[in-house]
Amino acid sequence: MEAVFDVPSSILFGAGARLRLGAELRKLGVSRALLVTDQRLRDAGTIASFGIEATIFSDVQPDPTDQNVAAGLECLRGANAEAIVAIGGGSVIDAAKIIGVAAMNPQPLSAFQGYHKIPNRGLPLIAIPTTAGTGSEATKAAVITDTARLVKMMILDAKILPRIAIVDYELSLTMPAELTAHVGVDTLAHGIEAYVSKKANGMTDPLAISCIQLTSRYLLTAQKEPGNRGAREAMALAACQGGMAFSNSSVCLVHGMSRPIGAIFHLPHGLSNAVLLPAVTRFSIPGAPERYADIGRHMGLGDSEALVEGLERLNAELGIPKLRDAVRTDRSTFESHLKKMADDALASGSPQNNPVVPTADEIVDLYRSAW
Ligand SMILES: [Fe+2]
């Protein structure tokens with residue numbers, strides 16, 4: 001099977017890499033940039049520490065929406081910006097990607113939903129993650145909520161790839177424990193799904209395995225010892241590798257099912273993946289038993305059944321709640337959404353890459369077992 005491997009032109013990696021931002025902008029010949037971030041990083045002084053002159057747009061919410069993109073586009077046009085710098089987590093980087101695309105393409109954002117639907121390349125983007133992480137700095141994917149349809153649109157196209165990624169783990173040293181856990185399990189899910197995906201290939205496999213190994217070795221330490229530089233560096237590396245892997249392989253059923261949870265119940269992306277990961281793994285093992293056995297071995301867990309138990313134990317040790325405790329809703333409300341959630345999960349295309357392709361009814365059952 002033929003495969004394509006798209007990654008940023010440059011990835012600057014290591015402590016202090018963020019200090020290269022000004023030089024990278026000059027190399028691109030950019031004099032006016034729009035800096036996309038969120039209010040928390042702006043208030044914390046993180047943005048000021050870069051010492052860059054740029055128009056700042058910080059109205060990006062977790063799970064960014066089409067409205068965030070529209071506001072960012074207006075800001076970009078007002079500033080006459082030639083490039084975008086994104087400093088933040090996955091939400092900020094995803095929003096920045098689509099702001100850049102919207103600047104070069106007049107269509108409504110819904111026209112870009114799915115695979116390779118974007119006519120023109122977005123503005124040059126430098127992505128600097130502050131969490132480890134979604135890996136968004138290295139991916140050609142973005143997820144934006146369509147507020148009218150209440151759908152998290154998955155947009156995948158090489159035309160949204162950041163030109164440059166600057167991965168400096170020192171930016172993640174101050175991440176709160178809960179966020180560290182959520183995005184860390186997201187990273188693990190990227191590695192696992194990239195490795196078991198029907199689109200896994202020889203370029204993505206080594207990155208996926210490294211992502212899985214690093215996350216299983218260092219995530220708990222990064223959460224328990226926030227200032228542990230070795231653990232933070234390992235997780236930054238894992239996140240970036242996981243991003244490159246899944247962006248060129250695919251995410252599968254966990255991500256397909258987690259987006260509707262996020263869209264309807266507003267759970268953070270990593271948390272909605274985490275609550276699904278053990279049950280979806282158990283369901284999917286029969287479709288790729290050898291691949292899952294590899295994963296179990298690389299996590300030091302042994303066979304596939306031990307892998308599921310290991311994932312449950314990891315969730316418990318990280319303090320990840322069950323779905324029923326994470327959503328602020330009752331069982332009957334949850335039940336009333338399941339049909340649409342299953343349909344939206346299937347419509348995203350991700351479950352079709354899963355080792356076992358589920359029916360809508362099976363997806364409903366999996367949501368129930370995660371409850
Ligand atoms: Fe993810």
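Note that the numbering runs from 1 along the sequence shown for the chain.
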For residues 179-186, which side-chain N or O atoms pair as donor and acceptor with protein atoms under 3.5 Å away, sequence neighbours left out?
| residue | atom | partner | partner atom | Å |
| --- | --- | --- | --- | --- |
| Thr180 | OG1 | Pro176 | O | 2.9 |
| Thr180 | OG1 | Arg232 | NH1 | 3.2 |
| Asp186 | OD1 | His190 | NE2 | 3.0 |
| Asp186 | OD1 | His255 | NE2 | 3.1 |
| Asp186 | OD1 | His269 | NE2 | 2.9 |
| Asp186 | OD1 | Asn273 | ND2 | 2.8 |
| Asp186 | OD2 | His269 | NE2 | 3.4 |

To the nearest 0.5 Å, what is the distance between [atom1] on [X] and [atom2] on [Y]?
X: Leu12; Y: Glu137; atom1: CG; atom2: CD; value: 12.0 Å
X: Ile212; Y: Ile192; atom1: CD1; atom2: CD1; value: 5.5 Å
X: Glu193; Y: Phe246; atom1: CD; atom2: CZ; value: 9.5 Å
X: Ile56; Y: Arg42; atom1: CD1; atom2: CZ; value: 4.5 Å
X: Ile126; Y: Glu24; atom1: CD1; atom2: CD; value: 6.0 Å
X: Leu156; Y: Thr139; atom1: CG; atom2: OG1; value: 7.5 Å

[X], [Y]: one ILVMFWY side-chain cluster at the under-4.5 Å cut-off?
X: Leu307; Y: Leu220; result: yes
X: Leu314; Y: Ile320; result: yes
X: Val308; Y: Leu318; result: yes

Do [X] and [Y] make a side-chain contact, defined as non-hydrogen atoms from C-beta onward lying under 4.5 Å apart?
X: Leu41; Y: Asp38; result: yes
X: Thr215; Y: Met235; result: yes
X: Pro119; Y: Gln107; result: yes
X: Arg368; Y: Arg331; result: yes
X: Met341; Y: Ile261; result: yes
X: Val92; Y: Ile87; result: no
X: Leu253; Y: Ile363; result: yes
X: Leu109; Y: Asp146; result: no

Electrostatic pair [X]:[Y] at N-O distance under 4.0 angstrom:
X: Glu170; Y: Arg229; result: yes
X: Arg297; Y: Asp294; result: yes
X: Arg77; Y: Glu74; result: no
X: Arg259; Y: Asp344; result: no
X: Arg282; Y: Glu312; result: yes

Grab the two heavy atoms, one from [X] and one from [Y], that are nearest each other, plus how far apart they are.
X: Pro260; Y: Ala345; answer: CG-N, 3.9 Å
X: Phe334; Y: Tyr367; answer: CZ-O, 3.8 Å
X: Thr204; Y: Ala245; answer: CG2-O, 3.4 Å
X: Arg32; Y: Asn80; answer: NE-O, 2.9 Å
X: Gly88; Y: Ile93; answer: O-CD1, 3.8 Å

Does [X] use its side chain to pair, donor to acceptor, with the backbone of [Y] at less than 3.5 Å?
X: Lys97; Y: Ala141; answer: yes
X: Glu233; Y: Gly14; answer: no
X: Asp94; Y: Ala142; answer: no
X: Asn68; Y: Val60; answer: no

For Asn354 and Ser284, test the side chains for any donor-to-acceptor distance below 3.5 angstrom and give the result as yes or no. yes
Side-chain H-bond candidate by donor/acceptor type, Ser332 with Asp330, under 3.5 Å: yes
Where do Lys140 and Asn248 land on the side-chain hydrogen bond (donor to acceptor under 3.5 Å, both in side chains) test, with the steps shown first? CA-CA 8 Å; Lys140 50 186 164 182; Asn248 292 289; 3.1 Å; yes
ring-ring contact (aromatic ring centres under 6.0 Å, His included) for Phe265 and His337? Distances and angles first, verdict last. CA-CA 10 Å; Phe265 300 111; His337 286 288; 5.4 Å; yes
